[in-house]
Visitor: 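Okay, handing you the structure first.
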Amino acid sequence: MVNLSSLNPVQKEAVLKTDGPVMILAGAGSGKTKTLVTRITYLLDDKNLSPHQLLALTFSNKAAREMRERIAHEIPGLDIGSLQITTFHAFCARLLRSEANFLGLSRNFTIYDEGESKAIAKSLLERRGISTKEINPYEILSYIDGLKNNGYYPGRDMAEGADPSDEYFGYFEEYESELHRANAVDFGGLITAVIQLFEKFPDVLNRYQNRYHYVLVDEYQDTNRAQFELIKMLCGKRRNICVVGDEDQSIYSWRGADIRNILDFEKIFPDVQVLKLEQNYRSSKTIIEAASHVIQKNTLRKGKQMWTANPEGDEIDIVECFNDKEEAEFVAQETAKLFNAGVSYKEMAVFYRSNAQARLIEDSLRKYKINYRVVGGVKFYERKEIKDMLSYMRLIINSKDSLALSRIINVPARGVGATSLRKLEIEAVNANSSLWDIIEKIVDSQRASGEDFSHIKLSAKIKSSLSEFVTLISELRLLDENKVKPSLIYEKVLHESGYHSFLKANKDYETLARLENLDELLNAITQFEESAEVPTLSGFLETITLDTSSEFDEAAIPNSGEVSLMTVHGAKGLEFTHAFVVGAEENVFPSYRSVDGGESAMEEERRLFYVAMTRAMKKLYVTFAQGRMLFGQVKFNGPSRFIDEIPEKLFTWKKLSNTSRSTEFHSSWGGKHDDNYDPYDQSQETKYGDEEVVYQIKETAATPRESYHQPKFPKGSKVVHSLYGSGKVEDSEGSGADEKVLIKFADGARKKFMVKFAPIVMA
DNA sequence: GTTGCGCAGATTTTT
DNA sequence: TCTGCGCAAC
């Protein structure tokens, strides 16, 4: 029997309410995974559900793994293999392979990743003689992706957003036939193909509906329309559907996630039981109150009221830095300080909005000899040499994978260059066949009878190269068919293709790294062989395209570990006792893209900020720089609007001043500071140099910002902005902390400012 | 087929 | 400012 005693009342309900539609809105740090795991354990243990009758869908492999492990821990002796806790994509891929014949796919289809999809889009443009300057392939791809995210597949009665008269609709159809020709499916297509399968073959759907008695979806706020439709179909019969999500943590709309899935769930399932997990077990009261306050500004939400029984905790530090360098220095010094006070590095994290911000932070952490690691970054499987090897292996599995073939036909050089390849491609398109089939036929026609390919002008040398290539791949294919171990096939590919010696011919530093990567790949394959039930080459390939979490268990540094650096997106789902949110400036966080991207874009930024804040357990630092080097220019963006949304009583505003700046100065950013200080005064500038500077933190009491009833800069006043020069207030609204002014400058430009942040004074 | 120059563009990336 | 890419010249 499952022990429910450690659950709170709502969590308990979420476990026990097994039948019918349930939506669990689980706030950050509310014990979501624990609840889910208990629910599943309850179904299996107390309700005697057979493991294969349960389907739990997640977004990331990491989440799936974690849940599986925890359940295994709860129910010793459970046959984990029969538990279907998997990602949407892996679930669909698996289903499609076993039902491939229905859709005219063959079960060895390749899964194309984004890069490969883009390559197709590009080649479609090329084929039409359109330069990538006129139309960015990415636009085509987003269009196609958009359709798929909405559940569209060719020939389907149209879903939302698809219109055959769309400018790019023709590309969509062509793209799909290209995929088909390559016996390939892209990420979005994995989902839509299953929808298609279910719609066209109700019997198949019926089978799956009967199999899964309970369907559970994690991170529901991240589902797109297609995934939602899929879920609806799967649970159509029994309606035992449980979705778990948090609309406030929906940060992937740009990837197709549709927040309406969560907002409108009750419309689709009117009898749904909605449960809100509102108690936070992670963070201090201060952090929860601050984060709640920020997120409340959003309108697109169901509304939860987070609370916590945790202690009040420390105040949040808002740290005003002179520039981005000083910000990085601060992070390093503060990190060191915390470390000396007994906090281990692995309990600290730095979150930034965009990857580019990592560099300066890294530099200063290095300077202070602080262990850190950057989470995310260049993916292992995206490295050239790795993709090359994978292409060989993919071609072995799926001969129609023309993208793989064209990638490696001349790597190492075989004299089959772009021109020859182009000829072959044209031939393949005309014959509606694959590159491989064409090449094979040409080679055959050489040897004996066969078709006549004399219209393709290829030199004898090239033809013999092609012949050798065909032999090579065919032999390797035979190995795979005879179930030779993937690692062995890999080694054969590496050496017999000549790739290894081709690399070794170079002796530079880069090559060395590449060879190491190739060893690493072998490691990965071996590891796969040890863990997989049936270690096949195609299984390995599928695992790595659908599981990008690449990093083979990061060898954790003993004792104190490392400070984690990551984007806010990367931070979702994690927690740290001490967290730094850096670059909290307008146009940085929120990103400039969202600043003029409409209200819903801004709401997503706000959710991001909320996610960032709620990662912190004990202490949260929010830092911003007055001036920041952006696109080669120093920009003065002013503090993020999200800082302003944190109640003042919860933070201490700290202004850094370093000893190299002799002048005693005060900030002009907050209304609570002295207005005479000009942050842009060159004489006070910190140099972008390497000299060691020691910062003193000047604490400014967070005095409540009482509101003035008179605007400071009424309409008509003449003012001077330290960056934009002199101008006149054309319009003014609000007063005190909310006062905003519209200024027309001497050069005619009009700009709007928050008075409390803008460096403006009366002329 | 490689090298190099010039130019545009520059968030986020669970699969 | 930095990078990645397309295209032109060797």
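As a basis for the values below, the full set of heavy atoms in this structure was taken, side chains included, without hydrogen atoms, waters or symmetry mates.
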Visitor: When the P atoms of C/dC2 and B/dT13 are considered, how many whole Å apart are they?
Guide: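 Those two atoms are separated by 22 Å.
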
Visitor: Does any pair with a residue in residues 187-198 of chain A pass salt bridge (Lys or Arg N to Asp or Glu O under 4.0 Å), and if so which ones, sequence neighbours excluded?
Guide: none

Visitor: Under the side chain to side chain donor-acceptor pair (under 3.5 Å) test, which residues partner A/Ser465, sequence neighbours left out?
Guide: none

Visitor: Among side-chain atoms of A/Gln227 and A/Glu229, is any donor-acceptor pair under 3.5 angstrom?
Guide: no

Visitor: Judged by each residue's nearest nucleotide on DNA chain B, which is more toward the 5′ side, A/Gly415 or A/Asp222?
Guide: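 Final value for this comparison: A/Gly415.
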
Visitor: Please report, rounded to the nearest Å, how far the P atom of B/dA10 is from the NZ atom of A/Lys635.
Guide: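 Atom-to-atom, A/Lys635 to B/dA10, this comes out as 14 Å.
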
Visitor: With stacking defined as ring centroids separated by under 5.5 Å and planes differing by under 30°, is A/Trp254 stacked against B/dT12?
Guide: yes

Visitor: Using a 4.0 Å heavy-atom cut-off, does A/Glu219 contact any base of the nucleic acid, only the sugar-phosphate backbone, or nothing at all?
Guide: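 No contact at all - A/Glu219 keeps every heavy atom at 4.0 Å or more from the nucleic acid.
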
Visitor: Calculate the interatomic distance between A/Asp363 atom CG and C/dT1 atom P; express it in whole Å.
Guide: 17 Å

Visitor: Between C/dC5 and B/dT12, how far is it from one P atom to the other, in whole Å?
Guide: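 So the two P atoms sit 15 Å from each other.
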
Visitor: Is any side-chain heavy atom of A/Tyr352 less than 4.5 Å from a side-chain heavy atom of A/Val588?
Guide: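 No. Closest side-chain heavy atoms not under 4.5 Å.
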
Visitor: A/Tyr220: what forms a side chain to side chain donor-acceptor pair (under 3.5 Å) with it, not counting sequence neighbours?
Guide: none

Visitor: Provide a list of protein-nucleic acid N or O atom pairs under 3.5 angstrom, restricted to nucleotides 3-7 of chain C.
Guide:
{"unit_1": "C/dG6", "atom_1": "OP1", "unit_2": "A/Lys122", "atom_2": "NZ", "d": "3.3"}

Visitor: Give, ordered by number, those residues of residues 587-595 of chain A having at least one heavy-atom distance below 4.0 Å to an atom of DNA chain B; if nothing qualifies, reply none.
Guide: A/Ser591, A/Tyr592, A/Arg593, A/Ser594

Visitor: Donor-acceptor pairs under 3.5 angstrom involving side-chain atoms of residues 87-94 of chain A: please list them, not counting sequence neighbours.
Guide:
{"unit_1": "A/Thr87", "atom_1": "OG1", "unit_2": "A/Ala90", "atom_2": "N", "d": "3.0"}
{"unit_1": "A/His89", "atom_1": "ND1", "unit_2": "A/Phe187", "atom_2": "O", "d": "3.4"}

Visitor: Does a side-chain N or O from A/Thr567 land closer than 4.0 Å to OP1 or OP2 of B/dT13, or not?
Guide: yes

Visitor: Collect all protein-nucleotide pairs involving nucleotides 4-6 of chain B in which both atoms are nitrogen or oxygen and the distance is under 3.5 Å.
Guide:
none

Visitor: Nearest whole Å is fine: how far is B/dT11 P from A/Glu586 CD?
Guide: 17 Å

Visitor: Using whole Å, what does the distance between atom C1' of nucleotide B/dT13 and atom CG of A/Leu608 come to?
Guide: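 It is 12 Å, rounded to the nearest whole Å.
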
Visitor: May I ask you to verify if any side-chain N or O of A/Asn355 is less than 4.0 angstrom from the OP1 or OP2 atom of B/dT12?
Guide: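 The answer is yes; a side-chain N or O of A/Asn355 sits under 4.0 Å from OP1 or OP2.
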
Visitor: Nearest to the side chain of A/Arg353, which nucleotide is it out of B/dT14, B/dG1, B/dT12?
Guide: B/dT12

Visitor: Output all residues satisfying side chain to side chain donor-acceptor pair (under 3.5 Å) with A/Thr110, sequence neighbours left out; order by chain, then residue number.
Guide: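 So A/Thr110 forms a side chain to side chain donor-acceptor pair (under 3.5 Å) with A/Asn398, A/Asp401.
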
Visitor: Using the test side chain to side chain donor-acceptor pair (under 3.5 Å), find all partners of A/Glu542 that sit at least two apart in sequence or belong to another chain.
Guide: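 A/Glu542: side chain to side chain donor-acceptor pair (under 3.5 Å) contacts with A/Arg97.
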
Visitor: Send over the distance from A/Leu360 CG to C/dT1 P, rounded to a whole Å.
Guide: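 Nearest whole value for this atom pair: 14 Å.
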
Visitor: Which residue pairs pass the salt bridge (Lys or Arg N to Asp or Glu O under 4.0 Å) test when at least one of the two sits in residues 141-153 of chain A, sequence neighbours left out?
Guide: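 Every pair satisfying salt bridge (Lys or Arg N to Asp or Glu O under 4.0 Å) with a residue in residues 141-153 of chain A: A/Lys148-A/Glu176, A/Lys148-A/Asp186.
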
Visitor: In whole angstrom, what separates A/Ile191's CD1 from B/dT14's C1'?
Guide: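 Answer to the nearest Å: 12 Å.
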
Visitor: Could you pull out all residues at least two apart from A/Glu385 that satisfy side-chain contact (heavy atoms from CB on, under 4.5 Å)?
Guide: A/Arg383, A/Tyr499, A/Arg514, A/Asn517, A/Leu518

Visitor: Let's see if you can work this out: which of B/dG1, B/dT11, B/dT12 has an atom nearest to the side-chain heavy atoms of A/Glu605?
Guide: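 Among the listed nucleotides, the one closest to the side chain of A/Glu605 is B/dT11.
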
Visitor: Whole angstrom is fine here: how far is it from CG in A/Asn136 over to C1' in B/dA8?
Guide: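 Between C1' of B/dA8 and CG of A/Asn136: 11 Å.
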
Visitor: For A/Lys572 and A/Arg615, which heavy atoms make the closest approach, and how far apart are they?
Guide: C-NH1, 4.2 Å

Visitor: Specify the separation, in whole Å, of atom CZ of A/Phe59 and atom P of B/dT14.
Guide: 13 Å

Visitor: According to side-chain contact (heavy atoms from CB on, under 4.5 Å), who are the partners of A/Ser531, at least two apart in sequence or on a separate chain?
Guide: none

